[in-house]
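The structure appears right after this line, and notes come after that.
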Amino acid sequence: MDLASFLTSVLTSFVIFVVLVLVFTFLSRRPGNAPVYYPSLLLRGLDPGEGRRRGTRSPVGWIRDAISASETDVIAAGGVDAAVYLVFLSSVLSILVYSGIVLLPVLLPVAGTDRGLELTAAAGISPKNDEKNNSAPELPEIQRLALSNIQPQSMRLWAFLLSVYWVSFVTYFVLWKSYKHVSNLRATARSTPDFKPEEFAVLVRDVPRSSPDETIKDSVDSYFRALHPNTFYRSMVVTDHTKADKIYLEIEDHKKKIARAEVLYANSKTESNPEGIKPTHRTGFLGLIGKKVDTIEYCSEQIKELLPKLEAEQKTTLRDKQQQAAIVFFNSRSVAASASQTLHAQVFDKWTVMEAPEPRDIIWPNLSRNIYERQIRQVVVYSIVFLTVVFYMVPITAVSAISTLENLRKVLPFLKVVVDRPAIKTVLQAYLPQIALIVFLALLPAFLMFLSKAEGIPSQSHAVRATSGKYFYFVVFNVFLVYTLGKTLFTSLRTILDNANIGVIINMLATSLPGGATFFLTFVALK
């Protein structure tokens, strides 16, 4: 990628960012969008328009508010999660700044004042030219500032080697400080008088049934009351009441029909027709076919028939459909936290205890899965992820190989007329590889989320975390390694075939790989 394409990509990404900020500002000022943009303010009874009237909702006003707000203000407004997210952003910025302060003034002059690319081109083994030729190849200006411009066995290579240690040290130090800070935030939040119900509870899975005559609830109550006699409060057993819910919803639907029919019947009574007209409907498909019946009488009869069925199903549900999972409540947060980190049985497949998720966060169908099923599912899921990572590199490698203009000319010669135009060439060099990779990566999160839930994970938050871990494997392997190496190997395939020597291959990779730095700069900017 030449300097013009690089600058085009970065500047265009910045313009897109500015446009999106302006769109956000416009939409956030619309009163009807307040529930979308300011739900936390509305939940706390505050007026979202107050900030706009003071002029703090300008396109950059939120930056001033974020910088001036203390961490206590952030926690009060958005919770601990918001504060942790800001810690994450500040950590990334710290790594960037502390690394850049040393690296930019040192590495750019070191690389820019060397002549490695010129000497390589003069020798006829330029990274872009596998065969020797008499014409001097065009050298991208931006590569003159990279490691590829350093001559072999030059003492300047020590600057790049030491810079790796500096970046590593900065990263480890910043992450260590951030981890300590986040741990203190979490501990402080847990010790405040403000509490959440789930902080007093633990989620218990793999509950054994002591005897056929004892219900799961009886087993949970007796077990935890014996272990925590002074702090155990109560338990709620996960129960499959799908059938009872279906009957209940049918009853409620008939009640709504009766209420609507009574209103229509009352409105139909007039002086000329004091008895009115009773609403009717057909009992067949969508009320279009079947016997015509009086709506009020028919629905009343249906409710009388369904109520005994509901009562019977409720008794059956409480007796026979309790799952091997429960939420146990204590009268102390510290006891609940301790219980979630304590082994409650000598064998691993019984009484699995963990922190209770927030009720709306729970994936209820997964709670009843026993530990053996969860482990089998986990093995199957990670096998699928491994195969997906491996086979996903085929399209990724193909895209990385042909998405450069040089390779497009080789693979699709008829495009030379189009891609050689200066304006089109600049745009394609700036965006084609990045957009192709982003499209492939955009297909992954939903698929990985489906796999994570299939493992038997108990909550949405845990599923998101598991999905993020799997996505990280994809990014490191397929984006960082496969994309970079695939592009280099495709470009220099003839050199590898003609010189099947490990030393030649390593030297070629060391010369070609630094050119991929511009791709990742523009990739991150576009993202």
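Nearest heavy-atom pair across P109 and L104 is CD-O, 3.6 Å. Nearest heavy-atom pair, A189 versus R333, reported as atom, atom and distance to 0.1 Å: O-NH1, 4.3 Å. Listed here is the closest heavy atom pair of D206 and R374: OD2-NH2, 3.0 Å. Listed here is the closest heavy atom pair of A466 and I457: CB-CD1, 3.6 Å. The two residues S461 and D361 make their nearest non-hydrogen contact at OG-OD2, 2.7 Å. When all heavy atoms of A111 and I150 are compared, the closest pair comes out as CA-CD1, 3.7 Å.
Looking at R377, its side chain does come within 3.5 Å of a backbone N or O of A454 through a donor-acceptor pair. Between the D349 side chain and the I371 main chain, no donor and acceptor come within less than 3.5 Å of each other. Put simply, the side chain of N33 gets close to the backbone of L27: a donor and an acceptor are under 3.5 Å apart.
Taking a 6.0 Å sphere around OH of Y382, one finds it holds more than 12 heavy atoms contributed by other residues, nucleotides or ligands. Crowding of L343 atom CG: a count of heavy atoms from other residues, nucleotides or ligands under 6.0 Å not exceeding 12. Within 6.0 Å of OH on Y98 lie no more than 12 heavy atoms contributed by other residues, nucleotides or ligands. Open room surrounds OH on Y473; 12 or fewer heavy atoms of other groups in view lie less than 6.0 Å from it.
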| For S332 and S334, what are the C-alpha separation, side-chain angles and deciding distance, and is it a side chain to side chain donor-acceptor pair (under 3.5 Å)? | CA-CA 5 Å; S332 169; S334 59; 2.9 Å; yes
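Looking only at side-chain heavy atoms (C-beta outward), T388 and L448 stay at 4.5 Å or farther from each other. Contact check for V389 versus V385: side-chain heavy atoms found under the 4.5 Å cut-off. The shortest distance between side-chain heavy atoms of I363 and H462 does not fall below 4.5 Å. The shortest side-chain heavy-atom distance between V170 and V102 does not fall under the 4.5 Å cut-off. Within the 4.5 Å cutoff, the side chain of T188 has no heavy atoms near those of the V80 side chain.
Judged as a side chain to side chain contact (heavy atoms under 4.5 Å, CB included), and not counting sequence neighbours, the contacts of V92 are F88. Listed by chain and residue number, F195 satisfy the ring-ring contact (aromatic ring centres under 6.0 Å, His included) test with F200 (two or more places apart in sequence, or in another chain). A search for side chain to side chain contact (heavy atoms under 4.5 Å, CB included) contacts involving L42 returns A34, P35, P48, not counting sequence neighbours.
Here L367 contributes atom CG and R369 contributes atom CZ; the two are 9.5 Å apart, rounded to the nearest 0.5 Å. The CZ atom of F391 sits 13.0 Å away from the CD1 atom of I384 when rounded to the nearest 0.5 Å. The structure places OG of S163 at 4.5 Å from CG of L107, a figure rounded to the nearest 0.5 Å. Going from atom CD1 of I101 over to atom CG of L96 covers 9.5 Å, rounded to the nearest 0.5 Å. Rounding to the nearest 0.5 Å places CZ of F169 at 14.0 Å from CG of L162. Expressed to the nearest 0.5 Å, how far CD of E198 lies from CD of E358 amounts to 5.0 Å.
Applying the salt bridge (charged side-chain N to carboxylate O under 4.0 Å, His left out) rule to pairs touching residues 163-189 yields R186-E355, sequence neighbours excluded. Counting only residues at least two apart or in different chains, salt bridge (charged side-chain N to carboxylate O under 4.0 Å, His left out) contacts with residues 453-482 comprise E455-K470. Sequence neighbours left out, the pairs with a member in residues 70-87 that pass side chain to side chain donor-acceptor pair (under 3.5 Å) are S70-D73, E71-H181.
Using a 30° and 60° split on the angle between ring planes, F17 and F14 fall in the tilted class, from 30° to 60°.
Considering S340, P458, S459 in turn, P458 is the only one that fulfils the side chain to side chain contact (heavy atoms under 4.5 Å, CB included) rule with L203.
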